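Indexing begins at 1, ligand by ligand and atom by atom, following the structure's order. Treat the numbers as computed from the prediction; the structure is a model and nothing was measured. All values below were derived from every heavy atom in this structure, side-chain atoms included, with hydrogens, water molecules and symmetry-related copies excluded.
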Amino acid sequence: MTHATHEVFNQPLPLADVNLFDINQPLQDAVRFNAPGLDTGALRELGRLAGSAEMQNHARLANVHTPELRSFDPYGHRIDEVEFHPSYHALMGAATAAGLHGTPWSGAGSNPHVLRAVSFMLFTELEPSILCPISMTYAVTPALQENAAVYADWGPRLTSRAYDPALKVYKDKPGVTMGMGMTEKQGGSDVRANTSQAVPDGRDAWGERYRITGHKWFFSAPMCDAFLVLAQAADGLTCFFLPRVLPDGSRNGLRIQRLKDKLGNKANASSEVEFQDALAWRVGDEGRGVPQILEMGTRTRLDCSLGTSALMRQALAIAIHHTRQRKAFGKFLIEQPLMKNVLADLALESEAATALALRLARAFERHDDAHERLIARVLTPVAKFWICKRGSHFSEEAMECMGGNGYVEEDGHGIQARIYREMPVNSIWEGAGNIMAIDLLRALRKGDVAGALQAELAPARGAHAALDRMIDALPTRIDALANETEARRLAQDVALALQGALLAQTAPAAVTDAFCASRLGGDWGQAFGTLSASANMDAIVKRAMP
Ligand SMILES: Cc1cc2nc3c(=O)[nH]c(=O)nc-3n(C[C@H](O)[C@H](O)[C@H](O)COP(=O)(O)OP(=O)(O)OC[C@H]3O[C@@H](n4cnc5c(N)ncnc54)[C@H](O)[C@@H]3O)c2cc1C
């Protein structure tokens with residue numbers, strides 16, 4: 001062959017058939033710190049499954065063959081169903097079997113919420129968008145328990161590990177999923193602007209029944225079996241339980257208008273809906289809709305932090321895997337000093353995100369503990385704000401490590417590009433960045449949050465001078481904050497201080513030193529890859545190796 005034109009060389013192999021738990025040392029250390037003694041057998045098993053080429057192919061297919069709305073049957077009857085590729089159902093079945101949707105609420109085992117959080121992270125590295133209904137189903141329980149009669153019927157099905165996608169009455173289903181409807185056209189952050197109306201319609205075994213008329217502008221996973229929705233009742237905005245199929249087997253008045261054409265999150269359906277006299281049962285008192293549904297929102301915010309941390313880890317692992325196989329200018333890319341700086345900087349960010357997100361998950365484990373309650377309250381907006389805010393920037397840089405290959409999707413094979421499109425959603429939904437920063441100010445007014453933060457940071461004192469300075473400065477800054485203008489700045493610095501403190505307790509000195517010097521001490525530029533040459537980059541990258 002004198003004219004061979006298609007000899008392929010210097011093209012890295014994809015990261016496939018790996019155990020996502022075994023190859024993630026920072027995650028393992030964060031698990032040890034937050035749940036010492038936790039049996040990690042189930043995590044190893046899920047790590048193997050989520051890292052398998054077979055499941056990766058399901059993720060690819062579910063993203064390429066996106067959900068389609070079927071409004072009518074062939075005879076013109078409205079059916080309002082969403083049709084998914086079989087790979088979507090394979091992923092949903094695997095996530096449900098792993099207990100990511102509700103198992104912690106069944107009360108079995110030790111550290112169930114941390115176990116579920118780590119499992120959620122591992123699954124995110126497989127496919128994040130199908131986790132939308134899984135996350136909402138996990139999050140709904142504390143809010144739904146306010147209607148004991150509904151919960152008695154639905155609770156066991158919400159925690160069951162059986163996945164049944166059929167649209168039928170709850171009694172005939174071994175497992176169910178739930179979503180939420182708050183956002184309307186005229187207001188998402190400010191849900192008090194909701195105009196959907198709820199009119200009393202009597203009382204039955206599930207309590208006070210209403211008829212709801214109105215709409216939701218964003219309504220994700222509309223094929224869930226039921227939803228918590230907000231609507232205006234006589235005494236104000238109220239939370240309701242709205243099933244898709246009524247107890248008598250007939251379909252409720254919920255019309256799916258269309259599916260959203262989204263930037264990412266492709267495997268998941270998000271819709272616009274209208275309620276036409278839809279039957280719903282009250283959850284909590286009239287006028288208490290916002291605090292009631294926030295019981296749910298708090299946990300989906302936790303999942304936004306866990307999910308983004310996991311996507312960072314995945315993007316980093318793929319970048320490292322690529323750069324250690326690809327050569328340029330006579331060396332593997334990972335050996336080039338400047339690429340090493342980029343990878344080390346990303347590794348610091350990724351480990352810090354993992355540490356903060358799992359610390360937050362631990363706070364949800366101990367609701368009987370006053371300190372943990374305060375930490376959950378303050379860390380939820382801080383972690384959601386900061387981790388999700390860093391996600392898009394992070395994935396852009398991880399993609400660039402792969403050059404042009406990073407930017408190409410190629411029929412769903414380009415995972416790095418898919419991650420990049422997925423990243424912004426966790427920052428926008430469930431309280432966008434500004435809303436989270438403002439919520440931090442609200443949290444700071446609940447009890448001695450400043451004291452709880454100091455207690456949380458205390459074990460790390462002495463680990464790094466820049467961290468000590470930040471810890472000393474925070475109480476004055478919290479006291480001095482007069483209005484919202486600097487709320488993002490405070491949220492950022494509380495997050496960085498906590499991340500530094502957590503790394504000091506879980507990571508090697510190379511990681512803690514470089515993180516504190518760059519993020520807290522100012523020895524850093526304004527893009528990733530600007531660590532000081534004094535950072536031990538070899539050690540940092542080695543620790544992050546997949
Ligand atoms: C893929 C996807 C799925 C979704 N799924 C659902 C779902 O299932 N159910 C549901 O109810 N919603 C869902 N949402 C909606 C989402 O929660 C809202 O988009 C989000 O809460 C923001 O509301 P909004 O779009 O009305 O923006 P707005 O409320 O108009 O906010 C726009 C911007 O203004 C900022 N802002 C608002 N108020 C202030 C203030 N006081 N000070 C400073 N800045 C402010 C916000 O931070 C934001 O950056 C989904 C969104 C997406 C993208």
Side-chain angles (χ1 to χ4, degrees), residues 63 66-67 82 128-140 143 177-196 212 214-231 237 239-240 242 244 254 256-275 289-290 292-301 303-304 307-308 311 381 384-386 388-389 391-392 418 421-442 483-491:
N63 277 277
T66 53
V82 182
S129 53
I130 71 110
L131 290 176
C132 172
I134 295 289
S135 173
M136 293 192 289
T137 303
Y138 163 67
V140 78
T177 52
M178 280 190 68
M180 63 162 89
M182 297 180 281
T183 309
E184 297 188 0
K185 294 186 187 75
Q186 67 283 359
S189 309
D190 187 5
V191 289
R192 291 167 307 176
N194 273 196
T195 58
S196 293
I212 297 186
H215 81 281
K216 294 295 163 188
W217 181 233
F218 278 93
F219 199 75
S220 281
M223 63 295 156
C224 284
D225 296 285
F227 304 86
L228 285 189
V229 301
L230 290 181
L237 200 59
C239 180
F240 296 94
L242 189 151
R244 283 208 67 189
L254 186 153
I256 303 175
Q257 298 296 95
R258 61 176 168 174
L259 298 187
K260 296 283 193 191
D261 182 8
K262 298 174 287 184
L263 168 69
N265 199 253
K266 294 284 188 186
N268 178 41
S270 299
S271 67
E272 297 161 19
V273 295
E274 290 193 351
F275 306 127
V290 174
Q292 190 63 44
I293 212 160
L294 273 182
E295 284 277 337
M296 183 173 183
T298 300
R299 282 171 179 80
T300 46
R301 287 171 184 176
D303 280 0
C304 289
T308 301
L311 287 177
K384 160 95 163 71
F385 169 73
W386 186 242
C388 298
K389 199 50 63 201
S392 293
R418 194 200 305 159
R421 286 189 291 93
E422 183 72 14
M423 273 297 192
V425 69
N426 279 341
S427 191
I428 292 174
W429 100 297
E430 281 299 355
N434 287 354
I435 299 301
M436 289 300 91
I438 292 169
D439 191 50
L440 166 62
L441 304 192
R442 225 173 279 129
N483 58 45
E484 292 167 0
T485 312
E486 291 188 20
R488 272 187 181 228
R489 185 85 172 261
L490 183 66

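- Around CG of Asp261, the count of heavy atoms belonging to other residues, nucleotides or ligands within 6.0 Å does not exceed 12.
- Regarding atom 28 (P) of ligand 1, its nearest protein heavy-atom neighbour is Ser189 OG, 3.6 Å.
- Remark: the Asn194 side chain and the Ser196 side chain contain no N/O donor-acceptor pair separated by less than 3.5 Å.
- Under the side-chain contact (heavy atoms from CB on, under 4.5 Å) criterion, Leu294 pairs with Val290, Arg301, sequence neighbours left out.
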(message) For a side-chain contact (heavy atoms from CB on, under 4.5 Å) check, start with the C-alpha distance between Cys239 and Leu230, then their side-chain angles and the critical distance, and finish with the verdict.
(response) CA-CA 5 Å; Cys239 180; Leu230 290 181; 4.2 Å; yes
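- Per-atom contact check: atom 34 (O) of ligand 1 does not touch the protein, criterion being a heavy-atom distance below 4.0 Å.
- The side-chain heavy atoms of Arg488 and Lys389, taken from C-beta on, include a pair separated by under 4.5 Å.
- Protein non-hydrogen atoms do reach within 4.0 Å of atom 20 (C) of ligand 1.
- The presence of a protein heavy atom under 4.0 Å from atom 25 (O) of ligand 1 is ruled out.
- In the candidate list Phe218, Trp217, Phe227, Phe218 is nearest to atom 6 (C) of ligand 1, counting heavy atoms.
- Across every non-hydrogen atom of Cys304 and Glu430, the tightest pair is SG-CB, 4.4 Å.
- The N/O atoms of Gly188, backbone and side chain alike, include one that comes under 3.5 Å of an N/O atom in ligand 1.
- Checking Thr195 against Glu184 by side-chain atom types alone, a donor-acceptor pair falls below 3.5 Å.
- Distances between N or O atoms of Phe219 and those of ligand 1 include no value under 3.5 Å.
- In the vicinity of Gly187, heavy-atom distances shorter than 4.0 Å reach the ligand 1 atoms 26 (O).
- The heavy atom nearest to atom 36 (N) of ligand 1, considering only Val273, Ile438, Ile435, is found in Ile435.
- When distances from atom 52 (C) of ligand 1 to the protein are checked, a heavy atom turns up under 4.0 Å.
- The atoms of ligand 1 that sit less than 4.0 Å from any heavy atom of Met182 are 10 (C), 11 (O).
- Between Lys216 and Glu272 there is no salt bridge, since none of the side-chain N atoms of the basic residue sits less than 4.0 Å from a carboxylate O of the acidic one.
- Between Gly179 and ligand 1 there is no heavy-atom distance shorter than 4.0 Å.
- Contact check for Ile130 versus Asn268: no side-chain heavy atoms found under the 4.5 Å cut-off.
- Near Ile428, with a cut-off below 4.0 Å to any heavy atom, the atoms of ligand 1 are 20 (C).
- Nearest-heavy-atom check against atom 4 (C) of ligand 1 across Ser220, Ser270, Cys132 picks out Ser220.
- Atoms of ligand 1 found under 4.0 Å from any heavy atom of Lys262, numbered from 1 in the order shown, are 1 (C).
- Atoms of ligand 1 lying under 4.0 Å from at least one heavy atom of Glu430, given by number and element, are 17 (O).
- Phe227 places a side-chain heavy atom less than 4.5 Å from the side chain of Phe219.
- Put simply, the side chain of Lys266 reaches to within 4.5 Å of the side chain of Arg421, judged on heavy atoms.
- Ligand-side atoms of ligand 1 in range of Gly181: 11 (O), range being under 4.0 angstrom from any heavy atom.
- Considering backbone and side-chain N/O of Trp429, none are found under 3.5 Å from N/O of ligand 1.
- Of all protein heavy atoms, the one lying nearest to atom 9 (N) of ligand 1 is Met180 O, 3.0 Å.
- Not one N or O of Val425 is nearer than 3.5 Å to an N or O of ligand 1, by distance alone.
- Side-chain contact check for Phe240 versus Leu228: every heavy-atom pair is 4.5 Å or farther apart.
- Listed by number with element, the atoms of ligand 1 under 4.0 angstrom from any heavy atom of Ala432 are 46 (C), 47 (O), 48 (C), 49 (O).
- A heavy-atom distance below 4.5 Å is not found between the side chains of Met178 and Met136.
- Open room surrounds CD on Glu486; 12 or fewer heavy atoms of other groups in view lie less than 6.0 Å from it.
- Some N or O of Thr183 is nearer than 3.5 Å to an N or O of ligand 1, by distance alone.
- The nearest non-hydrogen atom to atom 43 (C) of ligand 1, considering only Asn434, Thr485, Val229, Asn194, comes from Asn434.
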